[in-house]
Amino acid sequence: MKRILGLGVVIVSLVAVAAFGQVPAPTGDVVLKLTGAVALQNTEGGFAFDLDMLKALPFVAYMVTDPWLGDQVYGGVRLADLLAYIGVPADAKTVVIVASDEKEFPVAMKDALYYPILIAYTSDGNPIKASKGGPLKLVYPYQIEGMEALYAPEQWSWYVIEIRIEF
Amino acid sequence: MKPNPNEMQIAELVALGKIEVRTAPIPTVGEGELLLATRAVGLCGTDVKAFRRGHPYFRPPCILGHELVGAVREVGAGVDAFTVGDRVVCAPYVECGGCPTCRRGVGELCEHKAFVSGALQEYVLLPSEVVRQGTFLVPPEISDGVATLAEPLACAWNGIERADVREGDTVLIVGGGPMGALLALLAKAITPHVLVSEISAPRAAQLRRLGLAVADPAEKPIEEALASAFGVPTAHRVLVAVGARDVAEASIARTAPGGTFLLFGGLPKGEGLAVDAFAVHYLEVSIVGSFGFRLEHFRDAVAWMARHPHALDGVVTASVPFRDTAAAFARAGEPGALKTVIRFDDAR
């Protein structure tokens, strides 16, 4: 039954693309790839974003105490919005965040969909510098009680380049 | 004879090539200041240069050392961010923040910096400006030796930013000394395509142990190594971490069209560089330099080390007791050595 629901999500996503036109493709440098079990694809095996494409998705910002850099206002796209845009099977279990140094940081799908976990691209309104983990950085909403117990400071991924959806 | 409790040991540069350990009064702590009991000091290329050949900023008699980790021994009035026993690193200088240079965002060039005195002494007094802005707690996972790398790492961040290294770039680091190693490790955190050019085989072995790809330009021309690594004989970002004019000049030609050449290693004032104007104009190669750091880089360096507590473990290759400071200076820069750290556990 779950598989059927999952297939349904994929079909809905593809139907949405068919209804609204061509799949967008990056025109600038690719900053993020979504791979694995993703419905919407603009490249072999996944979907590539340039920064403008990411910026076209709903923007969310909040102040949070970064465990490494103190209070920051991070802004970017919620994992939930990213996943909804791309279309993922309902029975996918894990969102694996991959950093440019090949480190991987798993986030449970249920958490990715429920909490405002960000793929941040701004810090205090400015692009995130490499020295602060940018241009893309995984930010957990530590302002929510219990979040730090779920995802320890070591889970804040710097230099995010890929998100892989796994069952 | 029982040591005087008001005195400490200092390692003083008394003449070029000569460091002597002697006693001096322990500084008195004033308002807003901190007194640190020195735990470890990293030896920098500038320190070694000042020891061997002299340096306009560090004329004997003086105390060298500016890569410092210490424990708070005494807290001045009005300081509430630190308590006795805290293990901290401090920026050896902080920019004023208010002058036209600082307001332009290049605080590393500020002419009104507040400085910390030389660190090769048992106790170091931190001025209030440094306490307020440039002093940071060290997470327990970070060793004393690695903590001393906060300052060179801050300098490396400045270089990485000035060179504009981005994910996906190909990067050539010329010179695999401690600074080249730090530049390469930071670059590799951003982009996987990093190659270090290093002529010393023992040092190349150290770099490989850090997980870095290394090419020996004496073995085969660096353009061939680049072509093997990246498919073309150039790199998007070329960072030169040696102070040698001929190396710098040759490296400009290894910069890809639209790329950036960074002169990280210093050359004497008045020294010229021959640059092919074709590369600058027609190929849009940017030539930039970087010097030191500003507070933001230091803060980010501490955060980066905290985030990656063991990434720099292999950079410190020698840990020498304080009593052997003079010998450590004489041996610094030997083939195979990266960073030498003076530790103070024998001083008290």
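In the text below, chain A, chain B and the rest are named by the order of the sequence lines, each starting its count at 1.
Proximity to chain A is limited to the side chain of Trp157(B), based on heavy atoms less than 4.5 angstrom apart. Using a 4.5 Å cut-off between heavy atoms, His297(B) does not touch chain A at all.
Put simply, CZ on Arg209(B) and CG on Asp313(B) are 14.0 Å apart, with the number rounded to the nearest 0.5 Å. Separation of atoms OH (Tyr140(A)) and CE (Met147(A)) is listed at 8.5 Å; rounding is to 0.5 Å.
Within residues 45-57 of chain A, no residue has any heavy atom less than 4.5 Å from a heavy atom of chain B. Proximity to chain B among residues 127-134 of chain A is limited to Lys129(A), Ala130(A), Ser131(A), Lys132(A), judged by heavy-atom separations below 4.5 angstrom. Residues of residues 62-76 of chain A lying under 4.5 angstrom from chain B, judged on non-hydrogen atoms, are Trp68(A), Leu69(A) in numerical order.
Crowding of Glu284(B) atom CD: a count of heavy atoms from other residues, nucleotides or ligands under 6.0 Å not exceeding 12. In this structure, Arg132(B) places its CZ atom where more than 12 heavy-atom neighbours from other residues, nucleotides or ligands lie under 6.0 Å away. Residue Glu145(A) places its CD atom among 12 or fewer non-hydrogen atoms of other residues, nucleotides or ligands, all under 6.0 Å distant.
Between Leu153(B) and the choices Val302(B), Asp300(B), Leu182(B), the side-chain contact (heavy atoms from CB on, under 4.5 Å) rule is met once, by Leu182(B).
Counting heavy atoms from C-beta on, the side chains of Glu198(B) and Val174(B) never come closer than 4.5 Å. With contacts defined as side-chain heavy-atom distances shorter than 4.5 Å, the pair Lys339(B)/Glu67(B) qualifies.
The aromatic rings of Tyr142(A) and Trp156(A) sit perpendicular, their planes meeting at an angle over 60°, well past the 30° parallel limit.
In this structure, Lys93(A) fails the cation-pi test against Phe167(A), since its NZ or CZ atom is not both closer than 6.0 Å to the six-membered ring centre and inside 45 degrees of the ring normal.
Panel note: side chain Arg294(B), backbone Glu95(B); no donor-acceptor pair is recorded below 3.5 Å. Remark: the backbone N or O of Arg166(B) is paired with a side-chain donor or acceptor of Asp169(B) at under 3.5 angstrom.
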Please report, to 0.1 Å, the donor-acceptor pairs under 3.5 Å made by any side chain of residues 106-116 of chain A, with sequence neighbours excluded.
from, atom 1, to, atom 2, distance (Å)
Asp111(A), OD2, Tyr151(A), OH, 2.6

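Side-chain contact, Thr260(B) with Arg237(B): a donor N or O sits under 3.5 Å from an acceptor N or O.
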